[in-house]
There are 2 protein chains.
Amino acid sequence: MKKQESASDGIRNKKGLTEAEFLVDYNPARYERPSVTVDMLIFTVKKRKEKNYRKLPENMLNILLIKRGEHPFLGKWALPGGFVNMDESLEEAAYRELEEETGLRDVYLEQLYTWGDVKRDPRTRVISTSYMALADSRVLSPKAADDAAEAAWFSVGYNLLKESREDTKDGYILRQTYQLILTGDEEKLTAVLEVTKTVNKGTVLIDRKLKESEGIAFDHGRIIAYAMERLRSKIMYTDIAFHLMPELFTLTELQQVYEVILGKELLKANFRRKVARMVAETKEYRTDAGHRPSKLYRFNIEI
Amino acid sequence: MKKQESASDGIRNKKGLTEAEFLVDYNPARYERPSVTVDMLIFTVKKRKEKNYRKLPENMLNILLIKRGEHPFLGKWALPGGFVNMDESLEEAAYRELEEETGLRDVYLEQLYTWGDVKRDPRTRVISTSYMALADSRVLSPKAADDAAEAAWFSVGYNLLKESREDTKDGYILRQTYQLILTGDEEKLTAVLEVTKTVNKGTVLIDRKLKESEGIAFDHGRIIAYAMERLRSKIMYTDIAFHLMPELFTLTELQQVYEVILGKELLKANFRRKVARMVAETKEYRTDAGHRPSKLYRFNIEI
DNA sequence: TCAAAAGTGTTGCATCTACACCCATGC
DNA sequence: GCATGGGTGTAGATGCAACACTTTTGA
């Protein structure tokens with residue numbers, strides 16, 4: 001973001017070189033280097049069809065995946081992403097990938113985590129930084145992919161299957177098994193994650209292992225699971241949910257987004273009080289359904 | 001952490017190659033690659049001397065820095081760190097650097113953020129992942145550095161200097177100026193950070209610029225500032241503070257750690273109620289000072 | 001004796017939780 | 001009419017902020 005000013009002008013090192021002289025001499029190719037990529041977790045909310053004229057359509061959290069057309073993991077589904085060019089920052093690479101994949105530019109983007117296991121890509125050593133983008137449901141140009149790659153939205157389910165706690169001498173071990181289910185129009189992908197929290201005299205170690213992975217390429221099941229946990233914790237104390245909403249929305253639609261991310265139901269009255277200060281009502285109503293019309297709200301910038 | 005099983009056995013790509021055949025052919029050296037490093041933010045808490053026999057020594061948050069013995073930024077202070085080897089994960093590299101620098105192994109370690117600006121290192125393109133380590137005050141082997149590099153602890157101060165808000169058409173711009181002050185035995189290093197939050201129709205953009213940097217190498221002032229913000233927000237809803245404490249501690253010592261990280265004073269009675277469930281009292285007392293003896297507590301594993 | 005810190009109690013206010021209840025619509 | 005969702009009120013529990021107060025020690 002900012003160019004470093006030369007900070008040690010005139011100072012000479014042990015060989016008597018100034019910084020400028022040193023840099024001319026510097027050979028960056030001495031060490032072997034890993035490849036660096038960005039992986040994009042692009043989320044949006046989509047409605048499921050509903051034939052009952054009274055019932056509201058159910059909202060689902062969706063993620064964009066790309067079907068791999070080349071080895072490795074040929075035919076499996078992977079996160080969109082690609083190599084970081086030498087003349088672009090990580091963030092610029094993330095925005096570029098986002099735009100290539102969806103045509104979107106002005107959306108919420110957040111760096112999630114950097115994955116650096118040695119064998120995570122069978123081709124070569126790849127370190128990849130994952131970014132999470134939240135797009136609202138209006139602008140879902142699903143397959144704006146210019147290359148031949150097939151892109152599709154998958155609804156995301158992430159649930160705790162089983163939990164066990166074992167007490168040790170100076171602490172305990174908490175084992176949690178989560179299931180990730182990604183449902184597309186034709187395919188259903190699954191992964192099972194084992195999260196182990198080892199607490200020992202105040203030292204906490206969290207290990208996330210991918211136990212099974214059906215149809216998902218690389219370690220991307222683990223990355224999606226990590227994103228879900230981040231989404232769940234952030235939705236409670238920030239306003240990220242609004243990035244998934246269109247300009248105007250009903251409070252029930254907003255509540256459904258919260259419920260879909262948290263994986264549990266909320267009480268209507270309490271939810272409305274909780275978000276009251278974050279929304280501003282408009283004069284418009286949604287009237288198409290077989291029940292009382294609902295007021296439309298927008299995000300309240302004042303807070 | 002886990003080797004990927006070959007997931008597309010037998011499937012052939014457009015050229016008729018199986019995954020095994022494809023990988024034999026794959027040439028990883030086609031693209032130019034950035035260097036990847038880890039930067040370590042090693043924090044601990046140290047007491048300041050106090051001559052008044054009644055008064056308690058003041059606790060300060062400290063960070064370990066290394067004086068650069070080579071260009072660029074020769075003579076400036078930098079975060080410990082180094083290149084990631086091809087056969088070690090990012091986390092393994094972080095633990096290795098931590099051990100080389102401090103001799104510590106079993107401490108709290110957390111990945112913070114990955115910095116990928118193009119010009120952040122004048123030598124070559126360097127992408128670096130920062131890790132935060134919290135060590136308790138007992139085990140501070142300050143300069144276990146085996147090489148010639150000089151290492152030292154600096155107390156950390158991070159304060160909001162100025163804040164202004166400007167309303168725009170569809171949102172607002174919040175500008176905050178923070179000052180980072182690192183005080184060592186002989187030197188005082190400073191940096192000024194400008195954090196700009198641009199809120200626009202629900203899109204939030206956070207930009208952190210390093211405005212001044214006195215005595216701190218690279219963009220490390222910005223990284224330290226980021227770590228301070230992470231520490232501040234996490235201390236309120238997690239138990240990380242305990243990783244900075246020795247096995248046994250008084251509640252006042254614990255409160256001082258909270259105060260030093262938050263940069264503000266807390267009310268004693270309320271603080272004690274807040275941490276009550278996270279600590280377990282022992283039968284031991286601290287009796288050396290000119291006031292009522294204080295009970296020693298330990299971290300409560302039960303919660 | 002007394003400064004400094006250890007430690008406890010109280011009160012008011014804000015927030016969360018659970019549940020009950022009435023309102024308005026399209027078919 | 002009625003199923004469905006829109007929308008509000010209330011009582012009890014819980015949590016937090018601010019302040020006042022008592023206790024104990026070493027020099």
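Please read all numbers here as calculations on a predicted model, not as lab measurements. Labels below follow one simple rule: chain letters A, B, ... track the order of the sequence lines, proteins then strands, and each chain is numbered from 1.
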Q: Any chance you could list the contact pattern along nucleotides 18-27 of chain C? Use B for base contacts, S for sugar-phosphate-only contacts and - for none, protein heavy atoms under 4.0 Å, 5' to 3'.
A: BB---BBBBB

Q: Apply side chain to side chain donor-acceptor pair (under 3.5 Å) to N270(B) and list each qualifying residue two or more places apart in sequence or on a separate chain.
A: R273(B)

**Q.** Any T252(B) side-chain N or O less than 4.0 Å from OP1/OP2 of dA6(C)
**A.** yes

Under 3.5 Å, sequence neighbours excluded: what are the donor-acceptor pairs made by side chains of residues 174-183 of chain B?
residue	atom	partner	partner atom	Å
R175(B)	NH2	E166(B)	OE1	2.7
Q176(B)	NE2	E163(B)	OE2	2.8

Q) Given atom CD of E281(B) and atom C1' of dT8(C), what is their separation to the nearest angstrom? A) 14 Å

Q) Is there a residue in residues 253-264 of chain A whose heavy atoms reach under 4.0 Å of DNA chain C, and which residues are they? A) none

Below 3.5 Å, can you tabulate the donor-acceptor pairs from side chains in residues 250-267 of chain A to any protein atom, sequence neighbours excluded?
residue	atom	partner	partner atom	Å
T250(A)	OG1	E253(A)	N	3.1
T252(A)	OG1	R272(A)	NH2	3.4
E253(A)	OE1	T250(A)	N	3.0
E253(A)	OE1	R286(A)	NH1	3.1
E253(A)	OE2	R286(A)	NH1	2.1
Q255(A)	NE2	E259(A)	OE2	3.1
Q255(A)	NE2	L266(A)	O	3.0
Q256(A)	OE1	N59(A)	N	3.2
Q256(A)	OE1	N59(A)	ND2	2.8
E259(A)	OE2	L266(A)	N	2.9

Q: Return the minimal non-hydrogen interatomic distance between A151(B) and W77(B), and the atom names on each side.
A: C-CZ3, 4.4 Å

**Q.** Those residues that, when tested against K295(B), pass salt bridge (Lys or Arg N to Asp or Glu O under 4.0 Å) (two or more places apart)
**A.** E281(B)

Q) Starting at CG of L251(B) and ending at P of dG7(C), how long is that distance when rounded to a whole Å? A) 7 Å

Q | Residue pairs involving residues 272-294 of chain B (criterion ring-ring contact (aromatic ring centres under 6.0 Å, His included); sequence neighbours excluded) | A | none

**Q.** Residues that E284(B) engages under salt bridge (Lys or Arg N to Asp or Glu O under 4.0 Å), provided they are two or more places apart
**A.** none

(Q) Could you work out, with salt bridge (Lys or Arg N to Asp or Glu O under 4.0 Å) as the rule, every residue matching K234(B), not counting sequence neighbours? (A) E110(B)

Q) Can you name the residues that form a salt bridge (Lys or Arg N to Asp or Glu O under 4.0 Å) with K188(B), not counting sequence neighbours? A) none

Q. Nucleotide range of DNA chain D contacted by chain B, 5' to 3', under 4.0 Å to a heavy atom?
A. dA17(D) to dA27(D)

Q: Please name all residues satisfying side chain to side chain donor-acceptor pair (under 3.5 Å) with Y113(B), sequence neighbours left out, ordered by chain then number.
A: none

Q.
Using a 4.0 Å heavy-atom cut-off, does L56(B) contact any base of the nucleic acid, only the sugar-phosphate backbone, or nothing at all?
A. sugar-phosphate

